[in-house]
A.B. asks: 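Sharing a structure, written as C-alpha coordinates. Questions coming.
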Amino acid sequence: MPARYPERIVCLTEESTETLYLLGEERRIVGISGYTVRPPRARREKPRVSAFLSAKTDKIVALKPDLVIGFSDLQADIARDLTKAGLNVLIFNQRSVDEILSMILALSSLVGAADRGRELIRQLEAGLAEIRDAGRRFPRKPRVYFEEWDEPMISGIRWVSELIEIAGGEDVFSERSHSQAASGRIVAEARLVVEKQPDVILGSWCGKKFRPERVAARAGWAEIPAVRDGELHEIKSADILQPGPAALTDGVRRIYAILTDYLRRSSGRASGTRARAAG
(Lines give C-alpha, C1' and ligand atoms only; values in the text may rest on other atoms or scores of the structure.)
Protein backbone atom coordinates (compact mmCIF):
# COMPACT_ATOMS: atom_id res chain seq x y z
CA MET A 1 0.00 0.00 0.00
CA PRO A 2 1.46 3.41 -0.94
CA ALA A 3 2.11 6.00 1.74
CA ARG A 4 -0.93 8.18 2.44
CA TYR A 5 -2.35 10.57 4.98
CA PRO A 6 -4.82 9.14 7.53
CA GLU A 7 -8.25 8.71 5.95
CA ARG A 8 -10.27 7.51 8.94
CA ILE A 9 -9.74 9.53 12.12
CA VAL A 10 -11.45 9.22 15.49
CA CYS A 11 -11.29 12.41 17.61
CA LEU A 12 -11.59 11.73 21.34
CA THR A 13 -11.94 15.44 22.19
CA GLU A 14 -13.59 18.42 20.59
CA GLU A 15 -10.61 20.58 19.63
CA SER A 16 -9.23 18.13 17.07
CA THR A 17 -12.71 17.80 15.53
CA GLU A 18 -13.16 21.57 15.32
CA THR A 19 -9.68 22.01 13.85
CA LEU A 20 -10.26 19.41 11.13
CA TYR A 21 -13.56 21.06 10.20
CA LEU A 22 -11.88 24.46 10.01
CA LEU A 23 -9.23 22.95 7.75
CA GLY A 24 -11.92 21.52 5.46
CA GLU A 25 -10.81 17.97 6.32
CA GLU A 26 -13.95 16.81 8.12
CA ARG A 27 -14.48 13.97 5.64
CA ARG A 28 -11.66 12.13 7.40
CA ILE A 29 -13.48 12.06 10.78
CA VAL A 30 -15.35 8.80 11.47
CA GLY A 31 -15.98 9.23 15.22
CA ILE A 32 -16.11 12.03 17.80
CA SER A 33 -16.46 12.74 21.52
CA GLY A 34 -19.94 12.85 22.98
CA TYR A 35 -19.06 16.26 24.44
CA THR A 36 -18.49 17.79 21.02
CA VAL A 37 -20.62 20.86 20.30
CA ARG A 38 -18.32 22.70 17.89
CA PRO A 39 -19.08 22.80 15.10
CA PRO A 40 -22.78 21.95 15.71
CA ARG A 41 -23.00 19.95 12.49
CA ALA A 42 -20.42 17.47 13.79
CA ARG A 43 -22.98 15.99 16.19
CA ARG A 44 -25.36 15.44 13.28
CA GLU A 45 -22.77 13.99 10.94
CA LYS A 46 -20.43 11.88 13.08
CA PRO A 47 -21.00 8.98 15.50
CA ARG A 48 -20.15 9.64 19.14
CA VAL A 49 -17.77 7.05 20.52
CA SER A 50 -16.22 8.49 23.68
CA ALA A 51 -16.58 10.68 26.73
CA PHE A 52 -13.49 12.37 28.15
CA LEU A 53 -12.35 9.70 30.59
CA SER A 54 -13.91 6.71 28.84
CA ALA A 55 -14.35 5.40 25.33
CA LYS A 56 -16.22 2.61 23.57
CA THR A 57 -13.18 0.62 22.50
CA ASP A 58 -15.13 -2.01 20.54
CA LYS A 59 -17.08 0.66 18.68
CA ILE A 60 -13.91 2.57 17.84
CA VAL A 61 -12.16 -0.56 16.60
CA ALA A 62 -15.21 -1.38 14.46
CA LEU A 63 -14.83 1.99 12.70
CA LYS A 64 -11.39 0.82 11.47
CA PRO A 65 -9.64 4.16 12.05
CA ASP A 66 -6.09 4.58 10.86
CA LEU A 67 -5.56 7.26 13.52
CA VAL A 68 -7.12 8.09 16.91
CA ILE A 69 -6.42 11.56 18.33
CA GLY A 70 -6.82 12.46 22.00
CA PHE A 71 -5.77 15.06 24.53
CA SER A 72 -3.90 14.99 27.84
CA ASP A 73 -2.49 12.43 30.21
CA LEU A 74 -6.02 11.90 31.51
CA GLN A 75 -6.71 9.88 28.36
CA ALA A 76 -3.63 7.68 28.83
CA ASP A 77 -5.70 4.63 29.80
CA ILE A 78 -7.91 5.03 26.73
CA ALA A 79 -4.79 5.37 24.56
CA ARG A 80 -3.29 2.23 26.13
CA ASP A 81 -6.42 0.15 25.43
CA LEU A 82 -6.69 1.36 21.85
CA THR A 83 -2.98 0.77 21.22
CA LYS A 84 -3.33 -2.77 22.56
CA ALA A 85 -6.21 -3.19 20.11
CA GLY A 86 -3.76 -2.43 17.30
CA LEU A 87 -4.68 1.17 16.53
CA ASN A 88 -2.45 4.16 15.92
CA VAL A 89 -3.02 6.68 18.72
CA LEU A 90 -1.74 10.24 19.03
CA ILE A 91 -2.20 12.12 22.30
CA PHE A 92 -1.56 15.86 22.31
CA ASN A 93 -0.87 17.50 25.66
CA GLN A 94 -1.09 21.22 24.93
CA ARG A 95 -1.46 23.52 27.94
CA SER A 96 -0.58 27.01 26.64
CA VAL A 97 -1.69 29.28 23.81
CA ASP A 98 1.53 28.60 21.91
CA GLU A 99 1.11 24.87 22.39
CA ILE A 100 -2.47 25.06 21.07
CA LEU A 101 -1.16 26.76 17.93
CA SER A 102 1.55 24.12 17.60
CA MET A 103 -1.08 21.39 17.90
CA ILE A 104 -3.02 22.96 15.03
CA LEU A 105 0.14 23.10 12.91
CA ALA A 106 0.98 19.46 13.65
CA LEU A 107 -2.56 18.25 13.00
CA SER A 108 -2.78 20.13 9.70
CA SER A 109 0.51 18.55 8.61
CA LEU A 110 -0.76 15.09 9.57
CA VAL A 111 -3.63 15.38 7.08
CA GLY A 112 -1.68 17.07 4.29
CA ALA A 113 -3.15 20.52 4.91
CA ALA A 114 -0.08 22.34 6.22
CA ASP A 115 -0.69 25.47 4.13
CA ARG A 116 -4.27 25.76 5.38
CA GLY A 117 -3.02 25.11 8.88
CA ARG A 118 -0.55 27.98 8.67
CA GLU A 119 -3.30 30.25 7.37
CA LEU A 120 -5.61 29.24 10.22
CA ILE A 121 -2.82 29.97 12.70
CA ARG A 122 -2.22 33.36 11.08
CA GLN A 123 -5.91 34.22 11.50
CA LEU A 124 -5.95 33.07 15.12
CA GLU A 125 -2.79 35.02 15.96
CA ALA A 126 -4.21 38.13 14.30
CA GLY A 127 -7.39 37.85 16.37
CA LEU A 128 -5.39 37.44 19.58
CA ALA A 129 -3.23 40.45 18.70
CA GLU A 130 -6.35 42.55 18.16
CA ILE A 131 -7.72 41.57 21.57
CA ARG A 132 -4.34 42.15 23.22
CA ASP A 133 -4.08 45.66 21.76
CA ALA A 134 -7.60 46.49 22.90
CA GLY A 135 -6.94 45.15 26.40
CA ARG A 136 -3.83 47.28 26.72
CA ARG A 137 -6.03 50.34 26.39
CA PHE A 138 -7.92 49.50 29.58
CA PRO A 139 -7.41 52.16 32.28
CA ARG A 140 -6.42 49.34 34.64
CA LYS A 141 -6.18 45.56 34.70
CA PRO A 142 -9.18 43.98 36.44
CA ARG A 143 -8.22 41.23 38.87
CA VAL A 144 -9.84 37.97 37.77
CA TYR A 145 -10.51 34.68 39.57
CA PHE A 146 -11.33 31.91 37.10
CA GLU A 147 -12.96 28.82 38.60
CA GLU A 148 -12.81 25.62 36.57
CA TRP A 149 -14.51 23.46 39.21
CA ASP A 150 -16.29 24.08 42.49
CA GLU A 151 -15.83 21.00 44.69
CA PRO A 152 -12.91 21.24 45.19
CA MET A 153 -12.30 24.73 43.88
CA ILE A 154 -9.89 24.58 40.94
CA SER A 155 -8.45 27.70 39.33
CA GLY A 156 -7.80 28.20 35.61
CA ILE A 157 -5.44 26.12 33.48
CA ARG A 158 -2.50 27.78 31.74
CA TRP A 159 -4.14 28.73 28.42
CA VAL A 160 -7.08 30.25 30.30
CA SER A 161 -4.72 32.29 32.47
CA GLU A 162 -2.88 33.48 29.36
CA LEU A 163 -6.13 34.44 27.64
CA ILE A 164 -7.20 36.47 30.69
CA GLU A 165 -3.93 38.39 30.40
CA ILE A 166 -4.36 38.83 26.63
CA ALA A 167 -7.88 40.18 27.23
CA GLY A 168 -6.53 42.86 29.57
CA GLY A 169 -7.04 41.20 32.93
CA GLU A 170 -4.85 39.84 35.71
CA ASP A 171 -5.31 36.21 36.74
CA VAL A 172 -5.05 36.21 40.54
CA PHE A 173 -3.81 32.60 40.52
CA SER A 174 -1.55 32.79 37.47
CA GLU A 175 1.27 31.05 39.34
CA ARG A 176 -0.92 27.95 39.77
CA SER A 177 -1.87 27.77 36.11
CA HIS A 178 1.46 26.22 35.14
CA SER A 179 0.67 23.04 37.06
CA GLN A 180 0.40 20.15 34.58
CA ALA A 181 -2.19 18.45 36.78
CA ALA A 182 -5.45 19.90 38.07
CA SER A 183 -4.38 18.89 41.59
CA GLY A 184 -1.82 21.68 41.48
CA ARG A 185 -4.57 24.21 40.86
CA ILE A 186 -6.80 23.26 43.77
CA VAL A 187 -7.65 26.25 45.95
CA ALA A 188 -7.78 24.42 49.27
CA GLU A 189 -9.28 27.24 51.36
CA ALA A 190 -11.96 29.75 50.38
CA ARG A 191 -10.13 32.49 52.27
CA LEU A 192 -7.34 32.35 49.69
CA VAL A 193 -9.71 33.80 47.10
CA VAL A 194 -10.93 36.40 49.58
CA GLU A 195 -7.33 37.48 50.13
CA LYS A 196 -6.84 37.95 46.38
CA GLN A 197 -9.81 40.38 46.23
CA PRO A 198 -10.77 39.70 42.58
CA ASP A 199 -12.81 42.33 40.76
CA VAL A 200 -14.37 39.72 38.49
CA ILE A 201 -15.12 36.02 38.96
CA LEU A 202 -15.39 33.86 35.85
CA GLY A 203 -16.84 30.38 36.14
CA SER A 204 -16.72 27.46 33.75
CA TRP A 205 -17.44 24.31 35.68
CA CYS A 206 -16.12 21.83 33.14
CA GLY A 207 -19.42 20.85 31.57
CA LYS A 208 -21.95 21.68 34.30
CA LYS A 209 -23.79 24.97 34.78
CA PHE A 210 -22.00 27.65 36.78
CA ARG A 211 -24.07 28.78 39.80
CA PRO A 212 -23.05 32.34 40.78
CA GLU A 213 -25.49 32.36 43.69
CA ARG A 214 -23.67 29.41 45.27
CA VAL A 215 -20.33 31.12 44.81
CA ALA A 216 -21.60 34.36 46.32
CA ALA A 217 -22.96 32.47 49.35
CA ARG A 218 -19.58 31.02 50.34
CA ALA A 219 -18.50 31.98 53.84
CA GLY A 220 -16.63 35.28 53.88
CA TRP A 221 -17.00 35.92 50.18
CA ALA A 222 -19.38 38.87 50.63
CA GLU A 223 -16.28 41.03 51.12
CA ILE A 224 -14.86 40.13 47.69
CA PRO A 225 -15.34 43.07 45.27
CA ALA A 226 -16.65 40.75 42.52
CA VAL A 227 -19.32 39.36 44.85
CA ARG A 228 -20.20 42.76 46.31
CA ASP A 229 -20.69 44.22 42.83
CA GLY A 230 -22.35 41.20 41.25
CA GLU A 231 -19.49 40.58 38.82
CA LEU A 232 -19.82 36.80 38.55
CA HIS A 233 -20.03 35.50 34.98
CA GLU A 234 -20.20 32.15 33.24
CA ILE A 235 -18.20 31.21 30.16
CA LYS A 236 -19.36 28.05 28.40
CA SER A 237 -16.90 25.20 28.80
CA ALA A 238 -16.96 24.47 25.06
CA ASP A 239 -15.73 28.03 24.45
CA ILE A 240 -12.89 28.16 26.96
CA LEU A 241 -11.90 24.74 28.33
CA GLN A 242 -11.22 23.02 25.00
CA PRO A 243 -7.56 23.70 24.08
CA GLY A 244 -8.21 24.53 20.46
CA PRO A 245 -9.61 27.23 18.16
CA ALA A 246 -12.67 27.87 20.34
CA ALA A 247 -10.66 29.20 23.27
CA LEU A 248 -8.56 31.41 21.00
CA THR A 249 -11.64 32.97 19.39
CA ASP A 250 -14.97 32.91 21.23
CA GLY A 251 -13.35 32.24 24.61
CA VAL A 252 -10.95 35.16 24.67
CA ARG A 253 -13.55 37.48 23.11
CA ARG A 254 -16.01 36.57 25.84
CA ILE A 255 -13.42 37.37 28.52
CA TYR A 256 -12.63 40.69 26.87
CA ALA A 257 -16.34 41.61 26.62
CA ILE A 258 -16.90 40.80 30.31
CA LEU A 259 -13.91 42.88 31.39
CA THR A 260 -14.96 45.77 29.14
CA ASP A 261 -18.45 45.78 30.64
CA TYR A 262 -17.03 45.48 34.15
CA LEU A 263 -14.83 48.56 33.67
CA ARG A 264 -17.76 50.52 32.29
CA ARG A 265 -19.95 49.58 35.25
CA SER A 266 -17.11 50.20 37.67
CA SER A 267 -16.60 53.68 36.28
CA GLY A 268 -20.33 54.33 36.65
CA ARG A 269 -20.31 53.13 40.24
CA ALA A 270 -17.33 55.37 41.04
CA SER A 271 -19.05 58.37 39.43
CA GLY A 272 -22.18 57.72 41.46
CA THR A 273 -20.20 57.50 44.66
CA ARG A 274 -18.45 60.80 43.94
CA ALA A 275 -21.75 62.48 43.09
CA ARG A 276 -23.32 61.32 46.36
CA ALA A 277 -20.30 62.50 48.31
CA ALA A 278 -20.41 65.90 46.63
CA GLY A 279 -24.14 66.22 47.28
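As a basis for the values below, the full set of heavy atoms in this structure was taken, side chains included, without hydrogen atoms, waters or symmetry mates. Starting from 1, each residue takes its place in the sequence as its number.
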A.B. asks: Are side-chain heavy atoms of Phe92 and Gln75 found at a separation under 4.5 Å?
C.D. replies: no
A.B. asks: Is any side-chain heavy atom of Val187 closer than 4.5 Å to a side-chain heavy atom of Ile154?
C.D. replies: no
A.B. asks: Could you tell me whether the side chain of Ile32 reaches within less than 4.5 Å of the side chain of Pro47, counting heavy atoms only?
C.D. replies: no
A.B. asks: Could you list the cluster mates of Tyr5? Members are the ILVMFWY residues connected by side-chain heavy atoms closer than 4.5 Å, either directly or through other members.
C.D. replies: none
A.B. asks: For residues 93-105, pull every pair meeting salt bridge (charged side-chain N to carboxylate O under 4.0 Å, His left out), keeping only residues two or more places apart or in separate chains.
C.D. replies: Asp73-Arg95
A.B. asks: Does Arg43 have any side-chain hydrogen bond (donor to acceptor under 3.5 Å, both in side chains) partners at least two apart in sequence or in another chain, and if so, which?
C.D. replies: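 side-chain hydrogen bond (donor to acceptor under 3.5 Å, both in side chains) list for Arg43, sorted by chain: empty.
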A.B. asks: Please determine, by modelled atom types, if Arg254 and Ser204 share a side-chain donor-acceptor pair under 3.5 angstrom.
C.D. replies: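 There is no such pair (donor and acceptor under 3.5 Å, judged by atom type) between the side chains of Arg254 and Ser204.
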A.B. asks: Report yes or no: does Gln242 contribute a side-chain atom to a donor-acceptor pair with the main-chain N or O of Ser237 at less than 3.5 Å?
C.D. replies: no
A.B. asks: Once salt bridge (charged side-chain N to carboxylate O under 4.0 Å, His left out) is applied, do any residues pair with Glu26, and if so which ones, sequence neighbours excluded?
C.D. replies: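 Applying salt bridge (charged side-chain N to carboxylate O under 4.0 Å, His left out) to Glu26 gives Arg41.
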A.B. asks: Tell me whether Arg8 contacts the main-chain N or O of Leu63 through its side chain, where contact means a donor paired with an acceptor under 3.5 Å.
C.D. replies: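 Answer holds: yes.
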A.B. asks: Is a side-chain donor or acceptor of Arg48 paired with a backbone partner of Ser33 at a separation under 3.5 angstrom?
C.D. replies: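 Such a contact is absent between Arg48 side chain and Ser33 backbone.
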A.B. asks: Under the side-chain hydrogen bond (donor to acceptor under 3.5 Å, both in side chains) test, which residues partner Arg158, sequence neighbours left out?
C.D. replies: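 For Arg158 the side-chain hydrogen bond (donor to acceptor under 3.5 Å, both in side chains) partners, ignoring immediate neighbours, are Glu162.
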A.B. asks: Only counting residues at least two apart or in another chain, list the ones meeting ring pair (Phe, Tyr, Trp, His ring centres under 6.0 Å) with Tyr262.
C.D. replies: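 With neighbours one apart ignored, the set is empty.
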A.B. asks: Heavy atoms, side chains only, cut-off 4.5 Å: are Met153 and Glu189 in contact?
C.D. replies: no
A.B. asks: side-chain hydrogen bond (donor to acceptor under 3.5 Å, both in side chains) with Asp66: which residues, sequence neighbours excluded?
C.D. replies: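 So Asp66 forms a side-chain hydrogen bond (donor to acceptor under 3.5 Å, both in side chains) with Arg4.
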A.B. asks: Which distance, rounded to the nearest 0.5 Å, do you find between the OG of Ser16 and the CE of Met103?
C.D. replies: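 Taking OG in Ser16 and CE in Met103, the distance rounds to 7.0 Å.
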A.B. asks: Does anything in residues 123-135 form a salt bridge (charged side-chain N to carboxylate O under 4.0 Å, His left out)? List the pairs, not counting sequence neighbours.
C.D. replies: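 The answer is Asp133-Arg136.
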A.B. asks: What is the distance from atom CD1 of Ile131 to atom OH of Tyr256, rounded to the nearest 0.5 Å?
C.D. replies: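 Answer for the CD1-OH pair, Ile131 versus Tyr256, is 6.5 Å.
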A.B. asks: Hey, does the side chain of Ser161 reach the backbone of Ile157 with a donor-acceptor pair shorter than 3.5 angstrom?
C.D. replies: no
A.B. asks: Are Pro198 and Val193 packed together at the side-chain level, in the sense that at least one heavy-atom pair is separated by less than 4.5 angstrom?
C.D. replies: yes
A.B. asks: Please assess Phe173 against Tyr145 for the test ring pair (Phe, Tyr, Trp, His ring centres under 6.0 Å), listing each intermediate value before the final yes or no.
C.D. replies: CA-CA 7 Å; Phe173 287 117; Tyr145 167 54; 5.7 Å; yes
A.B. asks: Which distance, rounded to the nearest 0.5 Å, do you find between the CG of Leu67 and the CG of Leu87?
C.D. replies: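 It comes to 9.5 Å.
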A.B. asks: Pick one: which of Leu110, Leu20, Leu107 meets side-chain contact (heavy atoms from CB on, under 4.5 Å) with Glu25?
C.D. replies: Leu20
A.B. asks: Specify the closest pair of heavy atoms between His233 and Val200, including all atoms of both residues, with the distance to one decimal.
C.D. replies: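 Scanning both residues completely, I find the closest heavy atoms to be CD2-CG1, 4.0 Å.
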A.B. asks: Tell me, with the steps shown, if Ile258 and Ile235 meet side chain to side chain contact (heavy atoms under 4.5 Å, CB included).
C.D. replies: CA-CA 10 Å; Ile258 289 170; Ile235 300 180; 4.1 Å; yes
A.B. asks: I need the Thr57 OG1 to Arg80 CZ distance, nearest 0.5 Å.
C.D. replies: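 Result: 9.5 Å between the selected atoms.
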A.B. asks: Considering only residues two or more places apart or on different chains, which pairs with a residue in residues 164-173 satisfy salt bridge (charged side-chain N to carboxylate O under 4.0 Å, His left out)?
C.D. replies: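 As it turns out, the salt bridge (charged side-chain N to carboxylate O under 4.0 Å, His left out) pairs with a partner in residues 164-173, which skip direct neighbours, are Lys141-Glu165, Arg143-Glu170.
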A.B. asks: Any side-chain heavy atom of Val144 within less than 4.5 Å of one from Asp199?
C.D. replies: no
A.B. asks: Say whether Ile240 and Ile104 are linked into one hydrophobic cluster, either directly or through other cluster members, by side-chain heavy-atom distances under 4.5 angstrom.
C.D. replies: yes
A.B. asks: Within the distance-only criterion (no hydrogens, no angle test), does the side chain of Lys46 pair as donor or acceptor with the backbone N or O of Ile29 below 3.5 angstrom?
C.D. replies: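 Confirmed, Lys46 side chain pairs with Ile29 backbone.
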A.B. asks: Indicate the atoms forming the closest heavy-atom contact of Thr36 with Ala42, along with that distance.
C.D. replies: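 Where Thr36 meets Ala42 most closely, the heavy atoms are CG2-CB, 4.2 Å.
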A.B. asks: Shared ILVMFWY cluster between Ile164 and Trp159, side chains joined below 4.5 angstrom?
C.D. replies: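 They do share one cluster, since a chain of ILVMFWY contacts under 4.5 Å joins Ile164 to Trp159.
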A.B. asks: Whether Asp250 and Arg38 form a salt bridge (side-chain N of Lys/Arg under 4.0 Å from carboxylate O of Asp/Glu) is what I want to check.
C.D. replies: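 Yes, charged N to carboxylate O under 4.0 Å.
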A.B. asks: Any sub-3.5 Å donor-acceptor pair from Gln197's side-chain atoms to Val194's backbone N or O?
C.D. replies: yes
A.B. asks: For Asp261, what residues pass the side chain to side chain contact (heavy atoms under 4.5 Å, CB included) criterion, not counting sequence neighbours?
C.D. replies: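 Arg264, Arg265.
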A.B. asks: Could you tell me whether a side-chain N or O of Ser179 sits under 3.5 Å from a main-chain N or O of Arg176, the two making a donor and an acceptor?
C.D. replies: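 Looks like no, no N/O pair under 3.5 Å.
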A.B. asks: Could you tell me whether the side chain of Pro245 reaches within less than 4.5 Å of the side chain of Thr19, counting heavy atoms only?
C.D. replies: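 Heavy-atom side-chain distance check passes, below 4.5 Å.
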A.B. asks: If you compare all heavy atoms of Leu23 against all heavy atoms of Ala113, which two are closest, and at what distance to 0.1 Å?
C.D. replies: CD2-O, 4.4 Å
A.B. asks: I'd like to know whether Lys84 forms a salt bridge (Lys or Arg N to Asp or Glu O under 4.0 Å) with Asp81, so could you lay out the CA-CA distance, the side-chain angles of the two residues, the decisive distance to 0.1 Å, and finally the verdict.
C.D. replies: CA-CA 5 Å; Lys84 284 183 176 180; Asp81 293 342; 5.5 Å; no
A.B. asks: Give the cluster check for Leu82 versus Tyr35: same hydrophobic cluster or not, with ILVMFWY residues linked at side-chain heavy-atom distances below 4.5 Å.
C.D. replies: no
A.B. asks: Table please: side-chain donor-acceptor pairs of residues 209-227 below 3.5 Å, with sequence neighbours left out.
C.D. replies:
unit_1	atom_1	unit_2	atom_2	d
Arg218	NH1	Glu147	OE1	2.8
Arg218	NH2	Glu147	OE2	2.8
Trp221	NE1	Ala190	O	3.2

A.B. asks: Measuring from atom CD1 of Ile78 to atom CG of Leu53, what distance do you get when rounded to the nearest 0.5 angstrom?
C.D. replies: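 Reported to 0.5 Å precision, the distance equals 6.5 Å.
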A.B. asks: Can you give me the closest heavy-atom contact between Ala79 and Val89, atom names plus distance?
C.D. replies: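 Between these two residues, the closest heavy atoms are CB-CG1, 3.8 Å.
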A.B. asks: Can you find a heavy atom in the side chain of Leu12 that is under 4.5 Å from one in the side chain of Ile60?
C.D. replies: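 The answer is yes; the side chains approach within 4.5 Å.
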A.B. asks: Taking Gln94 for the side chain and Pro243 for the main chain, is one N or O donor matched with an acceptor at less than 3.5 Å?
C.D. replies: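 At least one qualifying donor-acceptor pair exists.
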A.B. asks: At what distance, to the nearest 0.5 angstrom, does OG1 of Thr17 lie from CD1 of Ile9?
C.D. replies: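 The distance works out to 9.5 Å.
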A.B. asks: I'd like to know if Val37 and Val49 are part of one continuous hydrophobic network [Ile/Leu/Val/Met/Phe/Trp/Tyr, side-chain heavy atoms within less than 4.5 Å].
C.D. replies: no
A.B. asks: In terms of hydrophobic clustering (I, L, V, M, F, W, Y; side-chain heavy atoms under 4.5 Å; direct or indirect links), are Leu128 and Leu22 co-clustered?
C.D. replies: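 Result: yes, single cluster for both.
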A.B. asks: Take Arg116 and Glu119 through the test salt bridge (Lys or Arg N to Asp or Glu O under 4.0 Å) and record every step on the way to the result.
C.D. replies: CA-CA 5 Å; Arg116 276 172 280 153; Glu119 174 57 22; over 6 Å; no
A.B. asks: Taking only residues two or more places apart in sequence, or in another chain, which ones meet Ser177 in a side-chain hydrogen bond (donor to acceptor under 3.5 Å, both in side chains)?
C.D. replies: none
